Amino acid sequence: MNKLNFLSLALALLLQGESNGFAFSSQKRVAERSYAGVALSDGADSVEASRRTFFTQSVSAAILGQLSMGVLPTLPAAAVSGAAKVNARLKGFGLPVMAKVPDGFSPLLEIYGKGKNRFPLLVTFAHPLTWVVTTPSNTLNGEDGTVQAGDYGKGDTATFFVFEGPGHVNDITAQPKSLYEETLQKAIGQRGSNMYQNFKVTKLDPVTQPDGQKYMIVDFKYQLLTGAGFEVDRKGVASITSEGNAVEVLWTAVTAPRYKKMEDTLRDITSTFRCYADGINFSDDLVVYAE
Ligand SMILES: *[C@@H]1O[C@H](CO)[C@@H](O)[C@H](O)[C@H]1NC(C)=O
């Protein structure tokens with residue numbers, strides 16, 4: 001996004017707020033969501049929605065303030081989508097192209113960690129065409145939020161999470177079950193560890209990609225605790241790897257009654273997930289901070 005587009009987006013956000021969000025073009029809508037800086041997980045609820053409105057308005061006001069002071073932050077572009085574009089970028093990084101995009105899916109590619117508080121990771125996966133994509137937001141303070149796609153009305157989600165605790169793990173497929181459990185519990189508990197209970201890993205399936213990269217496919221289930229005192233049974237499939245100095249996961253989940261219908265979709269999403277850090281030159285993608 002160039003600076004002029006960004007300025008008009010910021011103005012549009014300030015003048016119209018979140019209420020007219022769906023009148024924007026889809027690209028602007030993605031950008032708008034990403035500036036909100038709030039990662040939605042397990043479906044949007046009204047609290048999250050109003051927080052998002054608040055963040056959107058205050059962040060756009062803050063950015064306009066910066067612009068009026070002559071400070072031009074360098075901004076992240078919306079996630080790259082479309083098979084040709086995603087594969088062109090993968091080739092540009094010297095990486096294998098996405099083997100096959102499942103029918104009815106859209107591939108995305110995003111650099112997570114453009115901000116100074118994170119280390120960069122190339123994240124790519126394919127998700128159902130109709131799912132709404134959220135990408136990390138960057139301000140002068142650094143990066144917030146994550147790469148996520150979902151059908152929030154139904155509670156369907158695919159969410160990227162970086163677990164720095166274990167550092168780099170050499171063979172992710174040869175680890176004790178506790179590492180996969182801990183990684184997923186950290187990922188699911190992003191909104192607080194009291195948000196879920198009865199977490200259980202039900203199946204492990206190691207995968208080695210043609211280029212030698214390893215992923216552990218993990219089936220799991222848990223109960224989401226809603227603010228209103230309900231428990232919602234959820235089931236999911238995750239793909240866990242380790243690139244750079246962390247363990248990374250793309251976890252997907254739906255409500256238990258939807259799992260039968262959605263299982264193949266969740267497996268397709270996780271099977272297309274790739275994450276790369278090592279040996280990649282990210283210098284053109286990182287946020288450049290004004291002095
Ligand atoms: C990384 O890319 C930038 C810009 O494309 C280039 O200036 C720099 O030399 C590259 N670094 C390495 C280590 O190749």
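Order of appearance sets the numbers: ligands from 1, and atoms from 1 within every ligand. All values derive from a computational prediction rather than experimental measurement.
In terms of protein heavy-atom proximity, atom 3 (C) of ligand 1 is nearest to Ser283 OG, 3.1 Å. The protein heavy atom nearest to atom 5 (O) of ligand 1 is Asp284 OD2, 3.2 Å. Remark: minimum distance from atom 8 (C) of ligand 1 to any protein heavy atom is reached at Asn281 ND2, 3.7 Å.
Proximity of the aromatic rings of Tyr112 and Phe160 is defined here by a centroid distance below 6.0 angstrom, and this criterion is met.
A salt bridge does not link Asp233 with Lys221: every distance from a Lys NZ or Arg NE/NH1/NH2 to an Asp or Glu carboxylate oxygen is 4.0 Å or more. A salt bridge does not link Arg274 to Asp211: none of the charged side-chain nitrogens sits closer than 4.0 Å to a carboxylate oxygen. Salt bridge Lys200/Asp219: absent, no basic N to carboxylate O contact under 4.0 Å.
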